[in-house]
Each structure stands twice: as structure tokens, then as C-alpha cells.
S.K.: 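Below you'll find the structure I mean.
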Amino acid sequence: MATFESLIGLVNRIQRACTILGDHGGEGMSLWEALPTVAVVGGQSSGKSSVLESVVGRDFLPRGSGIVTRRPLVLQLHKTDGGAEYAEFLHAPKKKFPEFAAVRQEIADETDRITGKSKQISNVPIHLSIFSPNVVDLTLIDLPGLTKVAVEGQPDSIVEDIEMMVRSYVEKPNCIILAISPANQDIATSDAIKLAREVDPSGERTFGVITKLDLMDQGTNALDVLEGRSYKLQHPWVGVVNRSQADINKSVDMMAARRKELEYFESSPEYGHLAHKMGAEYLAKLLSKHLETVIRQRIPSIIALINKTIDELNAELDRIGRPVGVDGGAQLYTILEMCRAFDRIFREHLEGGRPGGDRIYGVFDHQLPAALKKLPFDRHLSMSNVKKVISEADGYQPHLIAPEQGYRRLIDGSLGFFKGPAEASVDAVHVILKELVRKSLAETQELKRFPSLQSDIAAAANDALDRFRDESRKTVSRLVEMESSYLTVEFFRKLQTEPEKLPANQTQAQAQAQAASNVDRYSDNHLRRIGSNVSAYINMVCETLRNTIPKAVVFCQVREARKSLLNHFYSQIGRREKEELGKMLDEDPALMGKRETIAKRLELYKSARDEIDAVAWK
């Protein structure tokens with residue numbers, strides 16, 4: 001079976017890796033939060049800092065009056081096999097601190113960097129790792145000391161702010177609470193015990209520590225607390241004797257202070273029988289051994305969380321895309337796959353799988369008929385304009401029977417109006433197709449990682465749509481010109497054989513008499529009949545174009561966009577060199593960074609799973 005140091009050391013390394021990768025927060029529970037930690041809680045001047053230094057065996061924390069710890073300090077202790085001691089900060093990862101006086105100064109400077117040289121606090125933690133053969137593997141979180149009143153330079157809310165910060169750590173079910181209380185104060189008024197009782201009423205997660213035993217009034221002792229009679233916890237209370245202020249001023253070595261502490265308990269008439277369960281060194285081993293037990297109990301849930309996160313990370317990598325090969329063939333294949341993905345979504349928009357294609361039908365069913373109805377045929381075929389066109393067509397020789405040239409001019413003029421709605425339909429469909437290209441590009445998730453390729457595909461698709469639009473314009477213009485180039489003769493022959501409809505109050509004899517008297521070729525009735533005939537012919541042509549214009553637009557634009565939108569682009573990229581293809585696959589730096597981070601997290605979680613399995617069940 002593995003020793004508890006090896007399992008906790010592994011957890012420590014995993015937590016440190018999580019911290020470096022920023023994997024200690026966000027939605028749901030992170031691996032960092034799933035692994036147990038120890039939060040050091042106590043009131044101001046309760047001796048928290050001295051306890052931590054005793055556990056580490058080094059003098060490294062800032063000292064002073066009032067609130068000294070103004071940011072959480074996540075302290076990870078890593079037991080080494082030998083060699084020199086040193087420290088590292090997360091915010092200065094490439095720098096080692098062999099001198100612990102420099103560690104103290106760096107903590108102070110880093111605190112001031114966030115809070116300023118004031119008495120404000122911040123919940124942004126400082127991450128410190130200490131590597132030493134003289135420590136046990138452990139993760140401790142030193143929190144600002146609880147206080148009851150705000151002092152000068154602090155906001156009125158400082159009391160609540162500190163308590164909320166401390167609660168945010170100790171309320172987590174994986175947090176072990178190290179409640180520090182000074183022996184020269186009544187345990188019933190201990191801020192640390194009061195808070196621990198609120199968040200951990202069963203006491204399963206709470207370890208009580210009594211400090212300053214050597215400073216109690218003569219004739220008094222803390223046996224009732226240490227032996228669990230004053231306030232019982234599920235875990236034994238531990239007493240510690242910190243360095244005195246005189247020892248601190250003399251820079252007494254921490255190892256010497258540990259020996260002095262042990263001598264105190266062994267020689268004490270009150271605490272001698274508890275000496276083997278007292279002191280900072282015993283406290284560190286007790287916490288470490290308890291951590292090992294907790295970790296073993298929670299291995300199944302930790303492994304389940306790791307497996308769930310691995311699946312999520314793999315899915316995220318699949319969503320944003322795996323790395324692209326560096327050879328030209330792999331790059332070309334990737335580009336073609338991206339193009340096919342875009343083309344598939346674009347066709348789904350056209351064919352109804354996605355919204356948008358129905359707007360093209362709206363152009364044919366609503367916009368085109370409405371535009372045709374608005375054409376100014378009433379003005380063009382008014383009595384005055386018909387007379388003007390007929391007389392101009394006749395010239396100096398009035399027409400003898402029917403004004404054929406006048407008819408042709410009136411019809412040509414009328415047919416010319418159809419070009420506007422025909423070209424407007426082409427342009428409207430062109431706008432819709434370009435919008436569908438834009439939407440399809442945005443919906444092609446695979447393309448988001450390649451902004452250059454996305455831009456190239458957009459340009460190629462829009463160029464193709466422009467070509468299709470130009471061809472469509474030519475086609476609908478030809479449809480109109482075809483109607484002008486050859487008139488349907490049968491229509492006019494049929495008009496000549498149809499009897500003229502008489503007004504309801506007019507007999508055939510009266511009509512013949514009136515016709516005989518109408519020697520004027522430009523009489524109102526004659527002009528009205530010409531206008532009516534032309535209008536009837538134009539209506540026939542209008543119905544024809546209403547059906548043929550959509551056919552032409554679909555054939556030239558929609559059909560071509562559906563089957564050959566990127567054909568020209570395909571022929572171009574097939575001739576490009578590897579360097580050019582590489583530029584097209586130039587990814588968004590933010591996305592590359594995201595993939596790299598996910599890959600590192602994935603590697604961390606897989607390694608953590610394998611190592612926890614290997615160490616835990618030996």
C-alpha cells in the first residue's frame with residue numbers, strides 16, 4: 001500500500017497543475033475544488049501565521065498589526081527527497097525563491113499590487129508552492145483574520161467582507177477547517193469555532209488548534225479544551241506553542257523553535273501526558289494523514305468527475321476542431337471538408353432544411369406580381385397618349401385601315417416596362433442568396449477556427465453569385481425582348497373576327513349609322529378600341545412573363561448556386577502551393593490558444609486519472 005505522503009503528494013501536484021492551467025473555478029465543480037484542502041481560519045492575532053510557519057518550518061509570512069493577511073494565500077507544501085528548500089509563486093512561475101525573507105517580501109508586494117498600500121482586502125488568491133524535505137505534502141489556505149470592528153482606512157463593510165470571503169472557502173464540502181483559537185481567550189467567544197460550527201455543525205471537517213498556551217495566566221490551563229470537555233470535536237484538539245516575540249526579534253530558527261515547543265509540552269505538568277499529540281509537527285502529520293483518508297474515501301467521485309470532464313473536453317475539441325496536418329495534402333483535404341460543410345448548410349437553407357429559402361418564393365409570389373400591377377399602363381394607354389403615338393406613327397400619311405405601326409409602337413413601349421420588375425426580381429433573389437451565404441458561413445462551426453478561409457469562401461461565393469446574377473439579368477431581359485421581337489399575330493387576327501360589343505342602349509342599326517358618320521380616324525371610339533386591344537395583348541404577355549421570369553431566375557441563379565456555388569473556387573485551390581494553403585488555414589490566435597489550453601487540461605485530467613488509480617489502489 002502506498003504511504004499517505006505519496007497519495008497526498010500526487011494530489012498536491014495535480015492541484016498545482018490545475019492552478020497553473022487556471023482550472024480552479026467556473027461552471028460546475030472543477031478538479032481543484034473536488035480535491036480536499038485545508039483552510040486556516042481564526043481571528044486577528046490568534047496566531048494563524050505562526051501556526052503556518054511552524055508547519056512549514058520557515059519564517060516566511062508578513063507580520064504586523066491589524067489585518068496583515070489581506071488576500072487568501074494558497075500554500076502548497078511539496079515534500080522532496082532532499083536538496084535545498086525553495087519557493088515558487090504562480091504569478092512568477094520561472095523564478096525560484098531560495099531565501100524565505102524574499103518570499104515574505106514578495107507576498108507583501110503581491111498583496112499591495114492588488115489591494116494597494118491600504119487595509120483593503122481582495123478575494124484574489126496568491127498561490128505559493130514550497131518544496132522542502134522538511135515538510136509533509138499538504139495544501140493549506142491562509143485566509144484573512146476574522147475581525148469584529150473596522151479600523152481607520154477600512155470600509156465599514158470590512159467585517160462582513162472578510163466573513164463572506166472565509167465562508168466561500170469553508171462552506172465547500174471538500175474543505176477541512178483548521179480553526180485557530182488563542183488559549184488566553186474564552187473558547188466560547190472564538191470566531192473560528194463559531195464559524196466552523198455554522199458551516200460544519202457535525203464537526204466532521206473541523207480540526208481545533210489552541211495557540212499561546214504558554215501565555216495563559218498562572219494557575220490556569222487549557223486541558224478542558226484539549227481533552228474535549230469545553231467543546232467536543234470529532235477530531236482531537238491540538239495545542240501549539242509559537243515563537244515568542246523575543247524569539248522572532250532574535251530570528252530564532254524554526255527548527256529550534258520546534259524543539260523548544262516539544263520540550264515545553266514534555267516538561268509541562270499540565271500537558272505532559274498529551275505531549276505526543278501536541279505541537280505543530282504533530283499537527284502537520286495529523287492533517288496529512290486525515291487528508292489521505294478523505295482522499296481515499298472520495299476517489300470514486302473524483303474519478304467520476306475526471307471521466308466526465310475528459311468527455312466534455314474531448315467533445316469541445318471535436319467542436320472547435322482538431323489540429324490540422326502540416327503537409328499540403330492534409331491541408332487541401334481540410335479546406336475541401338470546410339467547403340463541403342458550408343455548401344451542405346447553404347443547400348439546406350435553399351431546400352427548406354433551414355429557414356431562408358422560402359423568401360425566394362416570396363419574391364415570385366408577392367414582390368413580382370405587386371410590381372407588375374404597379375406598371376404605368378393606364379398612363380401609357382390613355383386616350384391622349386394613344387392618339388399621340390398613332391399620329392406620330394402615321395406621319396404625313398394617315399393609316400388606311402388599321403394603324404399597324406402605331407400598334408407596334410404602343411406594344412413596344414408597354415413591353416419595355418416589364419424590364420424593371422424582371423431585373424428587380426433578379427436583384428431581390430441575389431440579395432437573399434448573399435444573405436444565405438452569410439448565414440451559412442456563420443453557422444458552419446468548423447470554419448470559425450479559420451477566419452482567412454472563411455473570408456476566402458465568402459469572397460468566392462459572392463463572386464459566383466454576382467456571375468449568376470449577371471447571367472440571370474441577361475436571360476430575363478431576353479424574355480422581354482423576345483416578346484417585343486415577335487408579336488403573337490393570332491391574337492390580333494382573332495380580334496378582327498370578334499364582333500365589337502355594343503353599349504347596352506345601342507342597336508346594331510344605330511352603331512352602323514354612327515360608324516358611317518365617323519370619318520375621323522382619330523375618333524374617341526377608334527382610339528379607345530386601339531388602347532383596349534393593346535391592353536389585352538399586354539395582359540396576355542404579363543401572364544406569360546409572370547410565369548417565365550421566376551423560371552429564368554431559378555434556372556440561372558438558384559439552381560446554379562445550389563449545384564456549383566464553389567466550383568470556380570475548387571479549381572483555384574487545386575492549383576495552389578502548400579504555403580498558400582497554409583495561409584488559408586491561418587487560425588484565429590484566440591481559438592488556437594483555447595485549443596492548446598483544452599489539450600493541456602485534457603492531458604492533466606488523463607494523467608491525474610491514471611496516477612490516482614495507480615497510487616490509490618497499490
S.K.: Any donor and acceptor pair, going by atom type alone, linking the side chain of S168 with main-chain N or O of M165 inside 3.5 Å?
M.R.: yes
S.K.: What I'd like to find out is whether the side chain of V55 reaches to under 4.5 Å of the side chain of L77, using heavy atoms alone.
M.R.: yes
S.K.: Mind checking whether V241 and Y271 have side chains closer than 4.5 Å, heavy atoms only?
M.R.: no
S.K.: Give a yes or no answer on whether the side chain of K172 reaches the backbone of T37 with a donor-acceptor pair at less than 3.5 Å.
M.R.: no
S.K.: Do M338 and T444 come close enough that some side-chain heavy atom pair is under 4.5 Å?
M.R.: no
S.K.: What I'd like to find out is whether the side chain of V40 reaches to under 4.5 Å of the side chain of L75, using heavy atoms alone.
M.R.: no
S.K.: Taking the six-membered ring for Trp, are F100 and F60 parallel (under 30°), tilted (30 to 60°) or perpendicular (over 60°)?
M.R.: perpendicular
S.K.: Where is the tightest heavy-atom contact between V166 and P144, given as atom of each residue plus distance?
M.R.: CG2-O, 3.9 Å
S.K.: When you measure from the side chain of T334 to the backbone N and O of A330, does any donor-acceptor pair fall under 3.5 Å?
M.R.: yes
S.K.: Please collect all side chain to side chain donor-acceptor pair (under 3.5 Å) contacts where either partner lies in residues 53-62, sequence neighbours excluded, each pair once.
M.R.: E53-R63, R58-E85, D59-R104, D59-R243
S.K.: Mark yes or no for whether S301, through its side chain, and R298, through its backbone, hold a donor-acceptor pair below 3.5 Å.
M.R.: yes
S.K.: Applying salt bridge (Lys or Arg N to Asp or Glu O under 4.0 Å), name anything that partners K277, two or more places apart in sequence or on another chain.
M.R.: none
S.K.: Any pair with a residue in residues 157-166 that passes salt bridge (charged side-chain N to carboxylate O under 4.0 Å, His left out), sequence neighbours left out, goes on the list, sorted by first then second residue, please.
M.R.: E163-R167
S.K.: Closer than 3.5 angstrom, by distance alone: can the side chain of D137 be matched with the main-chain N or O of K79 as a donor-acceptor pair?
M.R.: yes
S.K.: Under the criterion side chain to side chain contact (heavy atoms under 4.5 Å, CB included), I'd like the reasoning laid out for I177 against L195: C-alpha separation, chi angles, the key distance, then a yes or no.
M.R.: CA-CA 10 Å; I177 304 167; L195 182 60; over 6 Å; no
S.K.: Would you please name every residue forming a salt bridge (Lys or Arg N to Asp or Glu O under 4.0 Å) with E337, sequence neighbours left out?
M.R.: R340
S.K.: With a sphere of 6.0 Å drawn around CD of E227, does it hold more than 12 non-hydrogen atoms of other residues, nucleotides or ligands?
M.R.: yes
S.K.: Sort and list the pairs that fulfil side chain to side chain donor-acceptor pair (under 3.5 Å) and have at least one residue in residues 175-196, not counting sequence neighbours.
M.R.: K148-D191, S181-S190, K194-E198
S.K.: Any side-chain to backbone donor/acceptor pair from S288 onto A284? Under 3.5 Å, distance only.
M.R.: no
S.K.: Look at R319 together with E316 and state whether they make a salt bridge at an N to O cut-off of under 4.0 Å.
M.R.: yes
S.K.: Got R70 and D112 here, is their nearest side-chain heavy-atom distance under 4.5 Å?
M.R.: yes
S.K.: Verify, without hydrogens or angle tests, whether R205 (side chain) and V170 (backbone) share a donor-acceptor contact under 3.5 angstrom.
M.R.: yes
S.K.: Within the side chain of T211, is there an N or O that forms a donor-acceptor pair under 3.5 Å with the backbone of S46?
M.R.: yes
S.K.: Which heavy atom of V240 sits nearest to which heavy atom of A280, and what is that distance?
M.R.: CG1-N, 3.7 Å
S.K.: About how many Å separate CG of D224 and CD1 of I187, when rounded to the nearest 0.5 Å?
M.R.: 11.0 Å
S.K.: Over 60° means perpendicular and under 30° means parallel, so classify the ring planes of F97 and F89, tilted if in between.
M.R.: perpendicular
S.K.: How about V103 and I130: do any of their side-chain heavy atoms sit closer than 4.5 Å?
M.R.: no
S.K.: Measure the spacing between CG of L226 and CE of M278 and express it to the nearest 0.5 Å.
M.R.: 4.5 Å
S.K.: F207 and V238: side chain to side chain contact (heavy atoms under 4.5 Å, CB included), yes or no, with the steps?
M.R.: CA-CA 8 Å; F207 282 79; V238 178; 5.8 Å; no
S.K.: I want to check something: taking the side chain as every heavy atom from C-beta on, are H78 and V135 in contact at a cut-off of under 4.5 Å?
M.R.: no
S.K.: What is the distance from atom CG of L604 to atom OG1 of T597, rounded to the nearest 0.5 Å?
M.R.: 12.0 Å
S.K.: Which is it for K96 and E88 under the side chain to side chain contact (heavy atoms under 4.5 Å, CB included) test, yes or no, and what are the steps along the way?
M.R.: CA-CA 5 Å; K96 289 185 178 181; E88 287 182 355; 3.8 Å; yes
S.K.: Please round to the nearest 0.5 Å and tell me the distance separating atom CD1 of I176 and atom CG of L178.
M.R.: 9.5 Å
S.K.: Show the nearest heavy-atom pair for residues P36 and L291, with the distance to one decimal.
M.R.: CB-CD2, 3.5 Å
S.K.: Check this for me: does any side-chain nitrogen of one of E110 and R71 sit under 4.0 Å from a carboxylate oxygen of the other?
M.R.: yes
S.K.: Taking atom CE as the centre, does M164 end up with more than 12 heavy-atom neighbours from other residues, nucleotides or ligands that are less than 6.0 angstrom away?
M.R.: no
S.K.: Any chance you could measure L453, atom CG, to K448, atom NZ, to the nearest 0.5 Å?
M.R.: 15.0 Å
S.K.: Any sub-3.5 Å donor-acceptor pair from E270's side-chain atoms to L223's backbone N or O?
M.R.: no
S.K.: Considering non-hydrogen atoms only, spot the tightest contact between I598 and L313 and give its length.
M.R.: CG2-O, 3.8 Å
S.K.: In Å, rounded to the nearest 0.5 Å, how long is the span from CD1 of I457 to CG of L441?
M.R.: 6.5 Å
S.K.: Can you name the closest pair of heavy atoms from G239 and L213 and give their distance?
M.R.: CA-CD1, 3.7 Å
S.K.: Indicate the atoms forming the closest heavy-atom contact of S440 with F342, along with that distance.
M.R.: CB-CE1, 3.5 Å
S.K.: Can you list every pair that meets side chain to side chain donor-acceptor pair (under 3.5 Å) and has a residue in residues 258-267, with sequence neighbours left out?
M.R.: D247-K260
S.K.: In sequence, state the C-alpha distance, the side-chain angles, and the governing distance for T309 and R601, and then conclude on side chain to side chain contact (heavy atoms under 4.5 Å, CB included).
M.R.: CA-CA 9 Å; T309 307; R601 288 185 63 203; 4.1 Å; yes
S.K.: With a 4.5 Å heavy-atom cut-off, do S230 and W237 have their side chains touching?
M.R.: no
